[in-house]
Amino acid sequence: MKLVENNFEFLVEYITAKVVEWIIRDEMTSLENALLLFHNSETFEKLCEQKTDMYIESPAYVYEIFKEELRRGTLRGISE
């Protein structure tokens, strides 16, 4: 079970790093602001819930969901 938990944490961190990198590039913002944007999003909340299986998706997929959340202001109705 420890290996599964380690894989989960690794994948969440990897996806987060890629998404934050793309936020910085696309929004032309600082690392600090990009981290705040993503870490305070519903997308990140869902990513951190192991039961959603979002952590097994590609970083690009998670980023697309995040961008949709920014556009709409919410994820409700998309991933529940």
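One distance of note links CZ of Phe8 with CG of Asp53; it measures 9.5 Å at 0.5 Å rounding. Rounding to the nearest 0.5 Å places CD1 of Ile24 at 7.0 Å from CG of Leu35. Rounded to the nearest 0.5 Å, atoms CE (Met54) and CG (Leu11) are 13.5 Å apart. In this structure, the separation between NZ on Lys18 and CD1 on Ile15 is 11.5 Å, given to the nearest 0.5 Å. One finds the NZ atom of Lys67 at 12.0 Å from the OG1 atom of Thr43 (value rounded to the nearest 0.5 Å).
Shortest non-hydrogen contact noted between Asn33 and Thr29 is ND2-OG1, 2.7 Å. Across all non-hydrogen atoms, the minimal contact from Val19 to Pro59 is CG2-O, 3.8 Å. Across every non-hydrogen atom of Tyr55 and Leu47, the tightest pair is CA-CD1, 3.7 Å. Nearest heavy atoms, Lys46 versus Thr52: O-OG1, 2.8 Å.
Annotation: side-chain contact (heavy atoms from CB on, under 4.5 Å) contacts of Asn40 (sequence neighbours excluded): Leu36. Annotation: side-chain contact (heavy atoms from CB on, under 4.5 Å) contacts of Leu70 (sequence neighbours excluded): Glu27, Leu37, Phe66.
Ring planes of Trp22 and Tyr63: tilted class, angle from 30 to 60°.
For the pair Glu69 (side chain) and Ser41 (backbone), a donor-acceptor distance under 3.5 Å is absent.
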